[in-house]
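Encoded as structure tokens, the structure appears first; notes follow it.
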Protein chains: 2
Amino acid sequence: MAGIRDVAAAAGVSVATVSRALNGHRSVSPETRERVLGAVDRLGYRPNAVARSLRTDRTRTLGLVISDVMNPYFTELARFTEEEARAHGYSVIIGNADERPELQDHHIRTLLDRRIDGLLVSPADGRSPFAPGTRLPTPPVVLVDRWVPGLDVTVIRAEGATAVRELVAHLHGLGHRRLAVITGPPATTTARERVEAFREALAEQGMHLPEEYVGEGDFRAGSGRRVTERFLDLPEPPEVVFATDNLMALGALDAIRARGLRVPEDIGVAAFDDIPWFQHTDPPLTAVAQPVADLARAAVGALVDLIEGRPARSVTLPARLVVRRSCGEPRAGTPLTPRPRRSA
Amino acid sequence: MAGIRDVAAAAGVSVATVSRALNGHRSVSPETRERVLGAVDRLGYRPNAVARSLRTDRTRTLGLVISDVMNPYFTELARFTEEEARAHGYSVIIGNADERPELQDHHIRTLLDRRIDGLLVSPADGRSPFAPGTRLPTPPVVLVDRWVPGLDVTVIRAEGATAVRELVAHLHGLGHRRLAVITGPPATTTARERVEAFREALAEQGMHLPEEYVGEGDFRAGSGRRVTERFLDLPEPPEVVFATDNLMALGALDAIRARGLRVPEDIGVAAFDDIPWFQHTDPPLTAVAQPVADLARAAVGALVDLIEGRPARSVTLPARLVVRRSCGEPRAGTPLTPRPRRSA
DNA sequence: GACCGGCATGTAATCGATTTCATCTGCCGT
DNA sequence: ACGGCAGATGAAATCGATTACATGCCGGTC
């Protein structure tokens, strides 16, 4: 509980000098600096971050609001975000919106109240994250993964359309023609992008997407299960179900297993967002993988640039298709697309 | 950027009155309160949490330091912790130690610097979390899941021994005799408890645990793979591998699959810490499940009690065995042990 | 009618740091 | 010899809230 005054007393200098010594100010003589530093660790003094923040108006803290911590994709994003932020000297406070806009708003308000220096958001819905009459001084903001159309803000995301097209080509190559999709909430850009890319890719291959092969989910396992059950009840069920996120794919697997059907023999499954667990599911899942670590790094980099007064540009990184066995055995000769990872 | 002075001016009162009105102080006349509240939302005023914390010496924030965010068990713990904390009016700052003691120390220091009101820790190793010369005023602390032997601190954890004994009985019942175990870092209490219980349970069943059937892991997938490979290289490999945490079980599955062996026909796998993904692995994994949500609730409850000056007791909650297919088909008649969940 | 108590409010101290401005001491140049 | 400047330090203002203490007023009591 030693304060700066105690250190000053112990070192026989004023609090101003202690502060200067600690902050590496130039005009402190080497001897006094030494004396101060000595007193500091003799007393085990640590500056009170709260007081410091009040005075300097900087908290050295970033806020990260994600849609769902339990989704491994976001867990990973959070983990790399913290890592990169720490490298820049920032802490991260994570807010879990649990896909609920009002919870997202709660976290954003709380974070702003705490005067974080910058905010990373992956919006739970299509509204501006600052809808609720926020006349707070908004710090720099960077959107990650998902974004909000009309909003002029730096966005760091992955380009999923190309990989989705590859996926469709892959499925077509395996002989599948009846492809269904489980979408996410239409308010999210990622859901829309993935479904649109899927629909267009089908068209390119001369297939089309009947209305009954489109089911709306909410990026949680439960909805994936329900939608898949509807697909299976169809007079002519699809040959492959494409889930636009990993948890819904899990739900799809559930539903299929509950009917006693086999993957991929009876029906194939593919997912957006690859995660380590997909290597171990039964069977291993074919999925589109985002470069999560790179996204996190780019996002933190951009945010820190903004905070420190430098400009920041939006970045789009490529996603890539990872073929496993959940849509049928790739025939010999099918290229496995481990393209070199390029950076945008 | 409106401050309390602006509100005071707008409402025609002093800052003291504004503060009192906002904090629900009794002696503010209804009319002035009304006037103040009006000004508040006309200006979109939100109190500066930093300034408030400095004055009141309370941040309404809890710190949560976990060993590994990417471990679904801890992710879930973090999620429920935040939920419960929010219900009590607290925010949570998560620190990910990544199983590295020095990173754990870093996070604890940072959290203390920020003057969190209380700290929840699941220690990465056996040392006191306050080893590094911390003469900071330590706020109330509660340990979750893992604990530190000599330390007199409230501990909220699950009792794994009973469930491990059930597991061994189950394996014995399936006819397995050669059982191996992948331990965690010996510095963690959870690793020791689980291995000890395992060893004792074997003894109870008249089996014993040869040294070469014990491999030390570090609670990460990679170590599970390496240890399992060693097991498989043995002249007489085990019939079942018990991983003392979920990620190492995943590694074990990897190693087994890499050899072209089948689970459970060639070798069985069981894990401590059940997670949703285990229903979808190939095959679904038999595991010991901890009541994570209850642990989180109890931990936050205890911590908040401590913070608010009430006493708090340590709590031990029961874990339970979830039998799936990874150790062989349970014969008809084997009880599936869905015992009613009791609370300690 | 003086006094007391409580209510409503204001003034100013306070939390623990940073930072502006002032002060003091040498030293240099002319 | 003296003005000026740079380096080292200290005193005090400051950040934006909360809160102890002071003040003024009103009503009730003896």
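A donor-acceptor contact closer than 3.5 angstrom links the side chains of B:Tyr73 and B:Asp145. Counting only N and O atoms by type, the side chains of B:Thr154 and B:Arg313 include no donor and acceptor under 3.5 Å apart. Judged purely by distance below 3.5 Å, without hydrogens or angles, the side chains of A:Thr61 and B:Arg114 pair a donor atom with an acceptor atom.
Heavy atoms of A:Thr32 sit under 4.0 angstrom from primed sugar atoms or phosphate atoms, though from no base atom. If you check every strand for non-hydrogen atoms under 4.0 Å, B:Val28 touches sugar and phosphate atoms only.
Between A:Glu31 atom CD and D:dA8 atom P the separation is 9 Å, expressed in whole Å. For the pair B:Asp6 CG and D:dG16 P, the interatomic distance rounds to 9 Å; values are reported in whole Å. Distance CG (B:Asp113) to P (C:dA17): 10 Å, rounded to an integer number of Å. Here C:dG16 presents its C1' atom at 16 Å from CZ of B:Arg114, a figure rounded to the nearest Å. Residue B:Arg5 contributes atom CZ, which lies 12 Å from atom P of C:dA12 at whole-angstrom precision. One atom, CZ of A:Arg26, and another, P of D:dA6, lie 12 Å apart when rounded to the nearest Å. Whole-Å rounding puts the B:Arg115 CZ to C:dG16 C1' distance at 9 Å.
Both B:Arg33 and B:Ala51 sit near DNA chain C, but only B:Arg33 has its closest nucleotide nearer the 5' end.
Residue A:Ser27 places no side-chain N or O under 4.0 Å from the OP1 or OP2 atom of D:dG7. Residue A:Ser29 places at least one side-chain N or O under 4.0 Å from the OP1 or OP2 atom of D:dT9.
The backbone N or O of A:Ala51 sits less than 3.5 Å from a side-chain atom of A:Asn48, completing a donor-acceptor pair.
Here the straight-line distance linking atom OG of B:Ser91 with atom CD1 of A:Ile93 works out to 7.5 Å at 0.5 Å rounding.
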Please encode protein proximity along nucleotides 18-27 of chain D as a string of B, S and -, counting only heavy-atom distances under 4.0 Å.
BBB-------
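Under the side-chain contact (heavy atoms from CB on, under 4.5 Å) criterion, A:Leu120 pairs with A:Leu64, A:Thr81, A:Val142, A:Val144, A:Ala299, A:Val300, A:Leu303, sequence neighbours left out. Taking B:Asp57 as the reference, nothing meets the side-chain contact (heavy atoms from CB on, under 4.5 Å) condition, with sequence neighbours excluded.
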